[in-house]
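To start, the structure itself, in structure tokens.
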Amino acid sequence: MTDIHLHNTLSNRLESLQPLHKGEVRIYSCGPTVYDYAHIGNFRTFVFQDVLRRFLLSRGLRVLQVMNLTDVDDRIIQNAAAAGVSIREYTEKYVQAFFEDMNALHLQPPEETVRATDHIEDMVALISRLQEKDLTYPSEGSIYYRIAKFPDYGKLSKIDLGGMKAGARVDNDRYEKDDARDFALWKAPKPGEHFWETSIGPGRPGWHIECAAMAMKYLGETLDIHTGGIDLAFPHHENEIAESEPATGKPFVKIWLHAEHLIVDGEKMSKSLGNFFTLRDLFAKGSKPSSIRYLLLSVPYRRQLNFTADSLTQAANSVERLRNFASRLKTEQFAAGSHPQIAKRAAKALADFDAGLADDLNTAFSLAAIFDLVRDINTAMDRGEFLQQDAPIVVSALEKFDAILAVLADDDDEKLRDLGFGPQQSRWTPEKIEQLIAERNAAKKRRDFKRSDEIRQELLNSGIIVEDTRDGSVRWKYK
RNA sequence: GGCGCGGUCGCCAAGUGGUAAGGCAUAGGUCUGCAAAACCUUUAUCGGCGGUUCGAUUCCGCCCCGCGCCUCCA
């Protein structure tokens with residue numbers, strides 16, 4: 001198997017993944033800020049992270065992935081105050097919603113999902129270390145990071161802040177800083193605001209310190225991979241580097257991976273443009289979880305993804321093709337025996353699929369490997385060159401593909417129902433369906449096509465598609 | 001202005017110094033009582049202009065266009 005190559009934002013090149021701990025890859029993934037439902041752009045990044053971890057697992061590597069939930073920031077504090085509830089109460093709803101959304105998209109839970117507010121002491125400890133190194137200064141009860149003391153600042157985002165002057169821009173924090181580039185590690189309490197009483201004084205953490213502290217706590221002072229959306233490269237990740245490397249004297253992260261943004265109809269997604277979607281918005285409009293997952297993973301993560309209604313339909317149809325194939329494999333009767341070519345063909349598809357992912361998660365290439373196989377196997381079936389013993393081989397290959405894609409399971413209705421969308425009444429049972437199909441078969445046998453078509457239509461009206469197959473058997477599926 | 005991603009068939013999207021994967025859609029055909037599924041066939045010279053080269057979509061330069069980031073937005 002080829003080495004896994006990933007594009008490191010730090011070096012701006014493809015690098016071979018060499019885990020620090022043999023056989024185990026340690027990943028920190030920036031999760032959502034739980035002040036609202038996560039949106040479809042967030043999930044582009046989360047699906048990318050899921051594909052990464054699933055691919056590593058498929059290689060037999062252990063994965064130790066930590067994802068944070070940012071449950072304290074300005075918006076949360078404001079919204080919680082406006083709602084008259086505690087921060088914890090306010091965020092709990094969105095934390096739960098996030099887990100539900102993850103489940104709907106078949107996102108595997110990371111080994112650890114950690115909350116910022118559960119790690120205040122770890123952040124305080126890290127800030128103390130930075131204080132000892134004289135990298136900080138106090139101002140009006142807050143603690144700031146003095147960027148001038150860290151010469152490597154900017155190495156990740158390649159940003160040049162030299163031209164910026166103190167006071168040149170409006171300070172969003174409205175605190176006094178020595179230099180506009182400096183950022184808050186610890187924020188002084190404001191009247192009426194929730195704060196923590198700590199050894200470095202009362203207040204609440206700044207934005208970036210949570211990730212630096214939690215990443216190192218769970219994964220060690222140097223991690224293999226850190227992931228997030230491209231917008232996080234600056235300032236968030238840049239600041240995490242500034243907070244960790246001078247404190248430990250070690251590189252914080254070996255490989256930084258950043259997912260490009262999702263845009264909608266060619267424009268940045270924003271509430272003011274009215275093109276801002278949560279998963280639930282899409283479910284309410286009839287989209288299936290599998291269509292969304294497929295679309296999000298089908299475009300390689302370093303490419304901007306233009307999300308449109310049309311592309312969602314295309315994704316749904318692509319998934320349908322794969323599912324039809326899986327269904328054919330399992331239901332069609334084949335003659336006894338085996339064709340040695342089939343096993344070879346499946347092995348090649350698996351190798352190509354893997355090679356695509358190993359090349360910086362080139363999912364588009366990997367999908368092509370699958371569709372090539374689908375066409376070749378369908379052709380072999382049509383020609384009678386596909387036999388009984390071949391089926392399990394191809395079924396197994398599909399399972400391996402789907403261990404990463406996770407779109408083959410016909411569970412969209414179930415996932416939607418879990419969230420209160422889609423058809424609420426349960427579908428017809430297989431027994432009832434089989435019974436009607438038997439009736440239809442009898443009608444067909446006596447060439448009563450009027451009756452047989454009636455039954456087919458009746459089933460269709462209830463969301464069941466009936467297909468006659470070449471070998472005379474009848475296959476059905478939920479619409 | 002700086003940094004970054006991109007401009008390949010109607011749409012989505014790989015890829016290579018020697019004339020371009022795959023998916024969706026379209027059209028015709030095969031199969032079918034009909035349909036569906038499946039299969040076959042069909043649709044591109046790769047934003048523009050120069051340069052390097054025997055040869056460039058693929059390398060270099062310039063230009064045009066789209067999108068993003070440049071302090072709390074994945």
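Everything numeric in this text was worked out from a predicted model, so none of it was measured. In what follows, chains carry the letters A, B, and so on, assigned in the order in which the sequence lines appear, proteins first and then strands, with residues in each chain numbered from 1. Values below: every heavy atom of this structure, side chains too, minus hydrogens, waters and symmetry copies.
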Same-atom distance (P) from G28(B) to G18(B), integer angstrom: 38 Å
For N362(A) and A21(B), what is the distance between atoms CG and C1' respectively, to the nearest whole Å? 11 Å
With C1' as the reference atom in both, quote the distance from A13(B) to A20(B) in angstrom, rounded to an integer. 13 Å
Inspect the surroundings of CD in Q333(A) and state if more than 12 heavy atoms from other residues, nucleotides or ligands are less than 6.0 Å away. no
By the 4.0 Å heavy-atom rule, please label H39(A) as base, sugar-phosphate, or nothing. base
Distance-only side-chain donor-acceptor flag, Y301(A) / D360(A), under 3.5 Å: yes
Watson-Crick or G-U wobble mate for G50(B), both contacts under 3.5 Å: C60(B)
Does a side chain donor of either E210(A) or N68(A) reach within less than 3.5 Å of an acceptor in the other side chain? yes
Watson-Crick or G-U wobble mate for G1(B), both contacts under 3.5 Å: C70(B)
C1' atom, C39(B) versus A14(B): distance in rounded Å? 24 Å
Taking the P atom in each of C3(B) and C54(B), what is the distance between them to the nearest angstrom? 34 Å
Could you state the CZ-C1' distance from F46(A) to C73(B), rounded to the nearest angstrom? 12 Å
Carboxylate-amine/guanidinium contact D376(A) K348(A), below 4.0 Å: no
Measure CD1/I370(A) against P/A14(B) and give the value in whole Å, please. 16 Å
For the side chain of P300(A), counting heavy atoms from C-beta on, which of C69(B), A13(B), A74(B) is nearest? A13(B)
Aromatic contact, Y153(A) with Y145(A) (centres under 6.0 Å): no
Could you tell me which nucleotide pairs with U32(B) by Watson-Crick or G-U wobble geometry, both distances under 3.5 Å, or answer none if nothing does? none
Base, sugar-phosphate or nothing for G41(A)? Non-hydrogen atoms, less than 4.0 Å. base
Given the side-chain rings of Y37(A) and Y94(A), with only the six-membered ring counted for Trp, is the space between their centroids under 6.0 Å? yes
Once you round to the nearest 0.5 Å, how far does CD1 of I263(A) lie from CZ of R44(A)? 10.0 Å
Tell me: NE2 of H237(A) to P of C69(B), nearest whole Å? 15 Å
Expressed in whole Å, how much space separates the C1' atoms belonging to U45(B) and A56(B)? 11 Å
Tell me whether the rings of F183(A) and H208(A) are parallel (<30°), tilted (30 to 60°) or perpendicular (>60°). perpendicular
Nearest 0.5 angstrom please: F55(A) CZ to I404(A) CD1, how far? 6.5 Å
Between C69(B) atom P and M269(A) atom CE, what is the distance in whole Å? 11 Å
Carboxylate-amine/guanidinium contact K187(A) E193(A), below 4.0 Å: no
Could you check F48(A) against T363(A) for side-chain contact (heavy atoms from CB on, under 4.5 Å), going step by step and ending with a plain yes or no? CA-CA 10 Å; F48(A) 141 67; T363(A) 47; over 6 Å; no
Specify the residues of residues 301-317 of chain A, ordered by number, for which at least one heavy atom lies under 4.0 angstrom from an atom of RNA chain B. R302(A), R303(A), Q304(A), D310(A), Q314(A), N317(A)
Spacing between L257(A) atom CG and G4(B) atom C1', to the nearest angstrom: 15 Å
Taking a pair to mean Watson-Crick or G-U wobble geometry with both distances below 3.5 Å, G6(B) pairs with C65(B)
To the nearest Å, give me how far apart CG (D73(A)) and P (C73(B)) are. 7 Å
May I ask you to check whether over 12 heavy atoms, not counting those of R446(A), lie within 6.0 Å of atom CZ? yes
Name every residue in residues 258-266 of chain A that has at least one heavy atom under 4.0 Å from any atom of RNA chain B, in order of residue number, or write none if there are no such residues. E260(A), H261(A), L262(A), I263(A), G266(A)
Using the P atoms only, state how far C12(B) lies from U71(B), rounded to an integer number of Å. 31 Å
R75(A) side-chain proximity, nearest of G22(B), C73(B), A74(B): C73(B)
What is the base-pairing partner of A27(B), counting Watson-Crick and G-U wobble geometry with both distances under 3.5 Å? U41(B)
Which nucleotides of nucleotides 32-42 of chain B have their base under 4.0 Å from a protein heavy atom (B), which only their sugar-phosphate (S), and which neither (-), written as one string 5' to 3'? -BBBBSSSS--
What integer distance in Å separates I230(A):CD1 from C67(B):P? 17 Å
P-based separation of C5(B) from C60(B) [nearest Å]: 13 Å
Could you label the plane-to-plane angle of the F98(A) and F43(A) rings as parallel, tilted or perpendicular, counting under 30° as parallel and over 60° as perpendicular? parallel
Measuring only the C1' atom in each nucleotide, how far is U53(B) from U58(B)? A whole number of Å is fine. 13 Å
Steps toward side-chain contact (heavy atoms from CB on, under 4.5 Å) verdict (D182(A), Y137(A)): CA-CA 10 Å; D182(A) 294 340; Y137(A) 61 92; 2.8 Å; yes
For RNA chain B, whose closest nucleotide is more 5', that of R44(A) or that of N12(A)? N12(A)
